[in-house]
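Beneath this line is the structure, given in structure tokens, with notes to follow.
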Amino acid sequence: MVDCLEFDDELKITKFKTSSFNPTHIFECGQAFRWYKEEDNSYTTVDGDKFCNVSIVGDYIYLKNCTKKDYYEKWENYFDLKTDYSEIKEKLSFNDTLKNALEYGYGIRILNQDKFSTIISFIISANNQIPRIMKSVNIICENYGNIIGEFNDRNIYSFPSPEQLSKVSVEDMREICRVGFRDKRIIDVANMIQSGQFDIEKISELSNEDLRKELIKLPGVGPKVSDCIMLFAYKRSSTFPVDVWIKRVMEYLFIKKETDKKLIANYANELFGEYAGYAQQYLFYYGRENTIGK
DNA sequence: TGCCAGGGGTTCA
DNA sequence: TGAACCCCTGGC
């Protein structure tokens with residue numbers, strides 16, 4: 001759902017127009033941990049072993065370090081550019097409360113991110129804060145990933161593969177990467193995937209319910225982290241992850257009383273149906289930026 | 001300056 | 001069901 005799509009493979013620049021695309025809201029709504037805000041307010045983002053720089057110039061979205069091939073093989077899917085967000089917003093606008101959140105977080109898109117890095121990143125997110133999560137993820141990439149390019153005089157590092165991460169000791173994971181008690185969980189998961197014991201590609205064929213059951217088998221993955229992985233790496237857009245922020249927002253704006261997390265997810269699924277995941281992102285951003293319910 | 005609470009949850013008892 | 005958990009930051 002983009003217009004005026006143009007490629008300049010020599011300069012590695014792709015540009016297009018679309019009705020719903022705001023880099024700040026996309027990256028800072030909490031779904032991704034590997035982005036860097038440049039001095040010119042553009043964002044450089046890394047996913048797996050690819051990176052690009054995103055900016056807005058006039059009516060155009062510019063993707064730098066993105067050839068035609070990169071666009072179709074990676075970024076079109078990553079930025080969810082085949083989805084019509086105006087249609088989603090229209091479907092969700094039936095609810096006045098949600099309407100405010102939709103307007104506030106205009107241009108949010110749900111990213112389709114690399115599976116392995118999403119799993120590890122959200123394991124790190126447990127009982128943690130966003131700046132520290134981003135710091136740990138960056139240290140992991142700089143220490144164990146590969147240099148995949150350079151942008152604005154900075155080296156850009158890939159997220160390490162399961163093989164690369166499985167070779168890291170639990171001690172280094174804690175002491176170098178500052179992940180605390182999550183150290184063993186991360187190394188164990190890397191080993192389970194590297195050894196073939198857990199197949200992160202094959203499980204993408206499963207139903208939502210079965211996929212969640214599988215993901216929760218991973219150490220460090222509970223109900224909330226599994227839902228984030230499903231929404232941000234497995235395209236399960238009806239998933240409604242309930243964290244402390246969403247809990248507060250839903251209680252304050254919708255349910256008007258203290259409610260169990262599982263019941264909140266059920267409530268959201270009934271209200272927002274197949275678009276629950278999108279609603280969640282708008283509500284999370286709206287709630288956190290405005291400290292709603294706190 | 002120094003102490004303390006609390007954080008995008010999960011695990012273990 | 002509830003306490004414990006690494007580390008770090010912000011508030012007092």
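Keep in mind it's a predicted model, so treat the numbers as computed, not measured. Below, chain A is the first sequence line, B the second, and so on; all start at residue 1. Side chains included, hydrogens not; waters and symmetry mates left out as well; all remaining heavy atoms used.
Distances from the side chain of A/Pro223 to the nucleotides B/dG7, B/dG9, B/dT10 place B/dT10 closest. Nearest nucleotide to the side chain of A/Arg178, out of C/dC7, B/dT10, C/dC6: C/dC7. For A/Asp243, the side-chain atoms get nearest to B/dG9 when compared with the rest of C/dC6, B/dG9, B/dG6. You'll find that the side chain of A/Pro219 is closest to B/dT11, out of B/dG9, B/dT11, B/dG7.
The ring of A/Tyr267 has its center no closer than 6.0 angstrom to the ring center of A/Phe240. For A/Tyr72 and A/Phe7, the ring centers are positioned less than 6.0 Å apart.
With A/Tyr275 as the aromatic partner, A/Lys91 does not meet the cation-pi criteria of under 6.0 angstrom to the ring centre and within 45 degrees of the ring axis. The cationic atom of A/Arg34 (NZ for Lys, CZ for Arg) does not lie both less than 6.0 Å from the six-membered ring centre of A/Phe159 and within 45° of the ring axis.
Looking at heavy-atom distances under 4.0 Å, A/Gln31 makes contact with a base. Base contact: A/Gly180 has a heavy atom under 4.0 Å from a base atom. Counting any heavy atom pair closer than 4.0 Å across all strands shown, A/Ile124 reaches no nucleic acid atom.
Between A/Ile186 atom CD1 and C/dC6 atom P the separation is 13 Å, expressed in whole Å. Summarising the geometry, the separation between CG on A/Asn138 and C1' on C/dC8 is reported as 16 Å, rounded to the nearest angstrom. Atom CG in A/Asp188 sits roughly 16 Å away from atom P in B/dT10 (whole-Å rounding). Atom CD1 in A/Ile133 sits roughly 14 Å away from atom C1' in B/dG6 (whole-Å rounding). Counting to the nearest Å, the P atom of C/dC5 and the CD atom of A/Gln129 are 18 Å from each other. If you measure from atom CD1 of A/Ile264 to atom P of B/dG9, you get 12 Å, rounded to the nearest angstrom. Separating the CD1 atom of A/Ile120 from the P atom of B/dG9 is a distance of 18 Å, rounded to the nearest angstrom. The separation between A/Ile139 atom CD1 and C/dC6 atom C1' is 13 Å, rounded to whole Å.
Across the P atoms, C/dC7 and B/dT1 are found 24 Å apart, a figure rounded to whole Å. Taking atom P on both B/dA5 and C/dA3, the two are 15 Å apart, rounded to the nearest angstrom. The gap from the P atom of B/dA13 to that of C/dC6 amounts to 14 Å, rounded to the nearest Å.
Within residues 270-292 of chain A, the residues having any heavy atom under 4.0 Å from DNA chain B are, by residue number, A/Phe284.
Judged by distance alone, the side chains of A/Tyr234 and A/Thr239 never bring a donor and an acceptor atom under 3.5 Å apart.
For the pair A/Val221 and A/Ser125, nearest-nucleotide mapping onto DNA chain B gives the more 5' position to A/Ser125.
In this entry C/dC8 has B/dG6 as its Watson-Crick or G-U wobble partner, both defining distances falling under 3.5 Å.
At the phosphate of B/dT10, neither OP1 nor OP2 sits under 4.0 Å from any side-chain N or O atom of A/Arg182. Close to C/dC6, at under 4.0 Å from its OP1 or OP2, lies a side-chain N or O of A/Arg174.
Between the side chain of A/Arg185 and the base of C/dC5 there is no donor-acceptor pair of N/O atoms closer than 3.5 Å. For A/Asn127 and C/dC6, a side-chain-to-base donor-acceptor distance below 3.5 Å is present, hydrogens and geometry of angles not being considered.
A/Phe79 and A/Trp75 have tilted rings, their planes meeting at an angle from 30° to 60° on a 0 to 90° scale. The aromatic rings of A/His25 and A/Tyr104 sit parallel, their planes meeting at an angle under 30°, below the 60° perpendicular limit. Ring geometry for A/Phe272 against A/Phe254 counts as perpendicular: the plane angle is over 60°, on a 0 to 90° scale with 30° as the lower cut.
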Under 3.5 Å, sequence neighbours excluded: what are the donor-acceptor pairs made by side chains of residues 221-232 of chain A?
from: A/Ser226; atom 1: OG; to: A/Gly222; atom 2: O; distance (Å): 3.2
from: A/Ser226; atom 1: OG; to: A/Pro223; atom 2: O; distance (Å): 2.9
from: A/Asp227; atom 1: OD1; to: A/Arg212; atom 2: NE; distance (Å): 2.7
from: A/Asp227; atom 1: OD1; to: A/Arg212; atom 2: NH2; distance (Å): 2.9

